[in-house]
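Have a look at the structure below before the remarks.
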Number of protein chains: 2
Amino acid sequence: MGVTIHQVAAEAGVSPSTVSNVLNGRSGRMLPQTRERVEQTIARLGYRPNGAARHLRTGRTQVIGLVVPSVANPFWGTFARHVEAAALLAGYRVLLCNSERDPARERDYLEELWADGIRGVVLCSSLPSLEHVLPLVERGMGLIAFDRTAQAGDPAGLVNISVDNAVGAELATRHVLELGHRRLAFVSGSLRSVNRRARFRGFEAALEQFGLTAADALLFSGGAQDHFGDLDIPDLGRAAARELLAAANPPTAIIAINDMCALGVSASARDAGLQVGEDLSVVGFDDIMLADLATPPLTTIRQPLPAMANAAFAHLRAGIEQDEPAAGGSLLMRPELVVRASTGPAPEVRR
Amino acid sequence: MGVTIHQVAAEAGVSPSTVSNVLNGRSGRMLPQTRERVEQTIARLGYRPNGAARHLRTGRTQVIGLVVPSVANPFWGTFARHVEAAALLAGYRVLLCNSERDPARERDYLEELWADGIRGVVLCSSLPSLEHVLPLVERGMGLIAFDRTAQAGDPAGLVNISVDNAVGAELATRHVLELGHRRLAFVSGSLRSVNRRARFRGFEAALEQFGLTAADALLFSGGAQDHFGDLDIPDLGRAAARELLAAANPPTAIIAINDMCALGVSASARDAGLQVGEDLSVVGFDDIMLADLATPPLTTIRQPLPAMANAAFAHLRAGIEQDEPAAGGSLLMRPELVVRASTGPAPEVRR
DNA sequence: GTGAAAGCGCTAACAC
DNA sequence: GTGTTAGCGCTTTCAC
């Protein structure tokens, strides 16, 4: 196959151990000239240590797993890119796993990663319970839960990283309330996930600050069926808006669970002959790249994705490389309101 | 660490070789009851073979590399998801590599993958030349070049998979010509890449069929600077449309190099007070998920992405698992015109 | 300061 | 049919 450590050693006139020492930065234990000679030989032969052998010997590998619902979703695609960038800088590779939000698939993937010797995974699962991966955690799998906050019953030491969803939704809701809107609707799929529930709580909190209650607002949570798919969510937004706008007293502002959903809501409003930003205000969540490209550009809540990805990787790496008992908990990153053209004064106010 | 093959062997009262034979489907060589016993022991102990040891021993690994410009781009994100799905079905894992279209990064990544024992990579690079990865190919790296067709000077045996860009662009262009448009523009970044050039050829071919020449059309290729970035391309579309629409005799139809670019063009048309699909027709390319969600929904050329991803993985796997001399060449998949609301009859015709 | 030797967990000849 | 054996390429004590 390729060049081995023995060939390098032979060429340099030293033993494999010395080459290994050079490779692993233990160069203090040898004459500078020896190190020099070995390094030159390595360069000349274009030698690169065999990862599998290293892995087998040390039990460590410079690979992490990244489990996301689906990289076809621009939000997760962007996150994946940032995680990969952070990993690359630290000399790690990233194994991509699309779970399609299927707990069985999440578990199976973690099992396979474990068998492949991978000991660190960024798990993007919004399922309220992580019990399906508990056996892995108990065996020692390093896990960072992304897009989720700590829940009672979580394994000890679990690090959760998420945007502050409640604060984000509150920012979004207050924004339209401040614009004079009083008939609001919240459009989401099933509220089964942790972060969706937090967003709804933020929505409620803002309403209360303005003397309203959730009962005054409309809620469209996708009915009984479980709209968890990332690909149907624009359709869900579309259908929800169609229904809401046809009601007797339709909302003038819609807070969507995320940008993809908001895009569906906007499309539906257009179908109904409404001008988004004038007749109807729409707010998204995430600030995916396309929020800015939509017609009209979408007002939304930005998640600090690069910082979140860096934090996720940094925590994961720390967990893998040190064997300290990780301090579990939730890291809630600060969201930011980005005002664009999809929101405007309430129709009543403008007149 | 985990359970080893020796423990399984001891528990089942056989030798490690027999367990290995069971694991590798060589069960014909043993008594059914032996196999049975081993399988039960494996299940009972929850044994999974150590990937690194297997890899070191056989030189093979069930991991492929996927090099894409950036999964933050929805097109590549969707492609990555399909490749991962195909790989998963065959028991392979996928290592995600974002190249940001940087040849040095592509090469470095391939070198690392090689050192990690990975012998198959789907390389999504639209660079005309693949010479920067030639050393890898010569060492035996299995490569599928995606989104690119064979070029003179390519390494022998290289398999290229791409949509038929020329046919796609021709379909797009003929569509607007048939709608009566005669003042067309082609908006692209630099035409340095193979597929962009092919699309431009398709554009020209359609014009010629209608008795026009490229000289009759406007071309905006981003000027001298190199707009290769996937993230700037909507801005490029925006800027291009702004310029084109301000001209003395502005186009009534714009063929954009891809959907992201078309979205930028649409946004710009809106800025200029034009109704896309009425005052200006816009056609994209790719049919990313968002084409259907745009306002108005985008007429575009669909790439058969699932089929392409399956083909890419299947060819790659064949190349890895058999040691036959792969028959190199180009696989051009058939594109499809998807008509939505962003195109309509030319203004002259409608009157 | 440098080298010899053992072994990580698995597979695949080759014996028996 | 089943077991014995010899490594795959590397790291890491432990001698010298």
Side-chain angles (χ1 to χ4, degrees), chain A residues 1-39 41-42 45-63 91 112 114-119 321, chain B residues 1-39 41-42 45-63 91 112 114-119 139-140 321:
Chain A
M1 242 191 36
V3 183
T4 74
I5 201 171
H6 286 93
Q7 296 174 35
V8 176
E11 284 279 331
V14 295
S15 79
S17 335
T18 301
V19 180
S20 175
N21 283 332
V22 172
L23 248 36
N24 294 286
R26 282 183 286 267
S27 44
R29 317 185 181 172
M30 70 194 76
L31 294 174
Q33 63 221 42
T34 308
R35 206 199 61 177
E36 182 83 356
R37 194 152 30 93
V38 171
E39 279 175 345
T41 312
I42 288 174
L45 266 47
Y47 167 72
R48 310 200 54 160
N50 176 313
R54 227 172 194 181
H55 180 185
L56 177 59
R57 177 62 230 233
T58 61
R60 280 173 270 115
T61 179
Q62 302 273 89
V63 179
E112 297 210 0
W114 180 265
D116 278 352
I118 289 162
R119 294 296 172 264
E321 294 184 358
Chain B
M1 244 191 34
V3 184
T4 74
I5 202 171
H6 286 94
Q7 295 174 37
V8 176
E11 284 278 331
V14 295
S15 79
S17 341
T18 301
V19 180
S20 174
N21 283 332
V22 172
L23 249 35
N24 294 286
R26 281 182 288 266
S27 44
R29 318 186 182 170
M30 71 195 73
L31 292 175
Q33 63 220 42
T34 310
R35 206 200 62 178
E36 182 83 354
R37 191 151 34 92
V38 171
E39 280 176 344
T41 312
I42 287 173
L45 265 48
Y47 166 72
R48 308 201 56 158
N50 177 313
R54 231 176 191 178
H55 180 184
L56 177 59
R57 177 62 231 234
T58 62
R60 280 173 270 116
T61 179
Q62 302 273 89
V63 178
E112 297 211 359
W114 179 264
D116 278 353
I118 289 163
R119 295 297 173 263
R139 262 181 272 169
E321 295 184 359

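To find a chain, count down the sequence lines: A is the first, B the second, and so on, and within it residues start at 1.
Pairing each heavy atom of B:L56 with each of A:A52, the nearest pair is N-CB, 4.0 Å.
Put simply, the side chain of B:R48 reaches to within 4.5 Å of the side chain of A:E112, judged on heavy atoms.
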Under 3.5 Å, sequence neighbours excluded: what are the donor-acceptor pairs made by side chains of residues 16-24 of chain B?
unit_1 : atom_1 : unit_2 : atom_2 : d
B:S17  : OG     : B:S15  : OG     : 3.3
B:S20  : OG     : B:N24  : ND2    : 3.4
B:N21  : OD1    : B:R26  : NE     : 3.0
B:N21  : ND2    : B:S17  : O      : 3.3
B:N24  : ND2    : B:S20  : O      : 2.7

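Residues that satisfy the side chain to side chain donor-acceptor pair (under 3.5 Å) test with B:R139, not counting sequence neighbours, are B:E111. Under the side chain to side chain donor-acceptor pair (under 3.5 Å) criterion, A:Q62 pairs with no residue, sequence neighbours left out.
One end of the helix from C:dG1-D:dC16 to C:dC16-D:dG1 points its axis 40° away from the other end's axis, with each axis taken from 5 pairs and the angle rounded to 10°.
Among residues at least two apart or in separate chains, salt bridge (charged side-chain N to carboxylate O under 4.0 Å, His left out) pairs with a member in residues 4-17 of chain A are A:E11-A:R44.
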Worksheet item: Could you walk me through whether B:T4 and B:Q7 pass the side-chain contact (heavy atoms from CB on, under 4.5 Å) check?
Response: CA-CA 5 Å; B:T4 74; B:Q7 295 174 37; 3.7 Å; yes
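When heavy atoms are screened at a 4.0 angstrom cut-off, B:L31 is found touching the sugar-phosphate backbone but no base atom.
Atom P of nucleotide D:dT2 and atom CZ of B:R35 are separated by 12 Å, given to the nearest angstrom. One can place CD of B:Q33 at 11 Å from P of D:dG1, the figure rounded to the nearest angstrom. Distance, B:E36 CD to D:dG1 P: 17 Å, rounded to whole Å. Rounded to whole Å, atom P of C:dC8 lies 11 Å from atom CD of B:Q7.
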Discussion item. Across nucleotides 10-16 of chain D, 5' to 3', mark each nucleotide with B, S or - according to how protein heavy atoms within less than 4.0 Å reach it.
Written reply: BBB----
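Distance alone, capped at 3.5 Å, is enough to place a donor-acceptor pair between the B:R119 side chain and the B:W114 backbone.
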